[in-house]
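One structure is given here, and the rest of the page talks about it.
Counting starts at 1 for both ligands and their atoms, following the listed order. Note that the structure is predicted; figures quoted are calculated from it, not measured.
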Amino acid sequence: MGKVYVFDHPLIQHKLTYIRDVKTGTKEFRELVDEVATLMAFEITRDMPLEDVKVETPVTTANAKMLAGKKLGIVPILRAGIGMVDGILKLIPAAKVGHIGLYRDPETLQPVEYYVKLPADVEERDFIVVDPMLATGGSAVEAINSLKKRGGKNIKFMCLIAAPEGVDALQAAHPDVDIYIAALDEKLNDHGYIVPGLGDAGDRLFGTK
Ligand SMILES: O=P(O)(O)OC[C@H]1O[C@H](OP(=O)(O)OP(=O)(O)O)[C@H](O)[C@@H]1O
Ligand SMILES: O=c1cc[nH]c(=O)[nH]1
Ligand SMILES: [Mg+2]
């Protein structure tokens with residue numbers, strides 16, 4: 001069963017409160033999502049492998065560490081996942097970015113895939129799939145299906161807000177995937193929106209409503 005990590009760092013919780021606030025406009029919303037993504041990336045990369053290296057300091061040769069192995073792949077679920085990418089790239093600028101385009105049909109709530117473009121050497125990379133919202137879990141499950149079908153293996157899922165229903169669905173479909181969230185909310189409403197949530201993440205990021 002995939003583990004669930006809830007990031008209760010005070011800075012993340014403080015910024016998330018402004019993200020939820022209906023009075024927060026598009027510009028500020030986008031900046032806050034970017035900042036929280038950076039803070040979450042700091043935590044989520046805690047187990048990245050290191051290798052021993054030597055470096056010449058102005059004084060002597062030092063035994064030091066550098067990140068080892070293949071570069072990381074970040075895969076936002078379009079559209080709203082895009083809002084979290086730059087915040088992660090600030091810490092890991094060498095990461096490659098893949099894209100999986102999915103929208104949730106408003107009637108059936110089922111994900112519909114419309115675009116996939118992944119970095120080369122999918123089999124050898126570690127991936128973080130990102131999307132601000134994990135509601136029914138349908139989009140995250142489908143995006144990870146798509147990534148695995150193309151060879152993706154070591155996958156983490158990162159989001160801002162999750163509903164218990166989404167966590168259950170993702171754990172059931174992908175027990176090998178750990179889930180990293182800033183807040184676990186109460187429930188879904190009749191339209192599949194997270195309660196209390198933040199509304200429609202894509203619309204708030206891109207000002208489309
Ligand atoms: O867990 P689920 O029930 O699948 O819902 C979550 C999905 O819904 C939202 O995307 P949306 O379909 O609104 O697309 P958008 O990002 O293009 O707005 C959100 O960004 C997730 O991808
Ligand atoms: O609450 C929700 C659920 C799905 N998608 C969103 O953007 N918000
Ligand atoms: Mg949307």
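- Residues satisfying the salt bridge (Lys or Arg N to Asp or Glu O under 4.0 Å) criterion with Asp52, sequence neighbours excluded, are Lys65.
- Listed by atom number, the atoms of ligand 1 under 4.0 Å from Ala80 heavy atoms are 16 (O), 20 (O).
- Taking every non-hydrogen atom of Met133 and a distance limit under 4.0 Å, the qualifying atoms of ligand 2 come out as 1 (O), 2 (C), 6 (C), 7 (O), 8 (N).
- Lys156 has a carboxylate O that lies under 4.0 Å from a charged side-chain N of Asp47, or vice versa, which qualifies the two as a salt bridge.
- For Gly137, the closest heavy-atom approach to ligand 1 falls below 4.0 Å.
- Taking a 4.0 Å cut-off on heavy atoms, Arg204 fails to register as neighbouring ligand 2.
- Near Tyr103, with a cut-off below 4.0 Å to any heavy atom, the atoms of ligand 1 are 12 (O).
- Annotation for ligand 2: atoms under 4.0 Å from non-hydrogen atoms of Ile194 are 1 (O), 2 (C).
- Residue contacts with ligand 1: Tyr114 is placed with no nitrogen or oxygen under 3.5 Å of a nitrogen or oxygen of the ligand (distance criterion only).
- Taking every heavy atom of Gly138 and a limit of under 4.0 angstrom, the matching atoms of ligand 1 come to 1 (O), 4 (O).
- Remark: ligand 2 atoms within the under-4.0 Å shell around heavy atoms of Arg104 are 3 (C), 4 (C).
- Chaining together hydrophobic side chains whose heavy atoms lie under 4.5 Å apart places Leu118 alongside Val4, Val6, Val75, Ile77, Ile100, Leu102, Val116, Val122, Phe127, Val129, Leu134, Val141, Ile144, Leu147, Ile155, Phe157, Val167, Leu170, Val177, Ile179, Ile181, Leu184.
- Atom numbering of ligand 2 starts at 1 in the shown order; those under 4.0 Å from a heavy atom of Ala201 are 6 (C), 7 (O).
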Applying salt bridge (Lys or Arg N to Asp or Glu O under 4.0 Å) to Arg20 and Asp185, what does each step give before you reach the verdict?
CA-CA 12 Å; Arg20 289 185 190 275; Asp185 275 10; 2.7 Å; yes

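- Judged by distance alone, with hydrogens and angles left aside, the side-chain atoms of Arg125 form a donor-acceptor pair with the main-chain N or O of Lys71 at under 3.5 Å.
- Between the CZ atom of Phe42 and the NZ atom of Lys90 there is a distance of 15.0 Å, given to the nearest 0.5 Å.
- Ionic pairing of Asp86 and Arg30 is not present here: no N-O contact between side-chain nitrogen and carboxylate oxygen is shorter than 4.0 angstrom.
- Remark: distances from the non-hydrogen atoms of Gly199 to ligand 2 include one below 4.0 Å.
- No salt bridge links Lys15 with Asp34; every basic N to acidic carboxylate O contact stays at or beyond 4.0 Å.
- At distances below 3.5 Å, not a single donor-acceptor pair connects side-chain atoms of His191 with backbone N or O atoms of Tyr193.
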Pair Tyr114-Val112, side-chain contact (heavy atoms from CB on, under 4.5 Å): steps then yes or no
CA-CA 7 Å; Tyr114 59 87; Val112 182; 5.8 Å; no

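- Ligand 2 is approached by Gly192 to a heavy-atom distance shorter than 4.0 Å.
- Only the side chain of Ala135 comes within 4.0 Å of ligand 2, judged by heavy-atom distances.
- For Ala201, no heavy-atom contact with ligand 1 is shorter than 4.0 Å.
- In this structure, Asp131 is part of the shell of residues with a heavy atom less than 4.0 angstrom from ligand 1.
- Of the listed options Arg104, Arg204, Met133, Arg104 places a heavy atom closest to atom 12 (O) of ligand 1.
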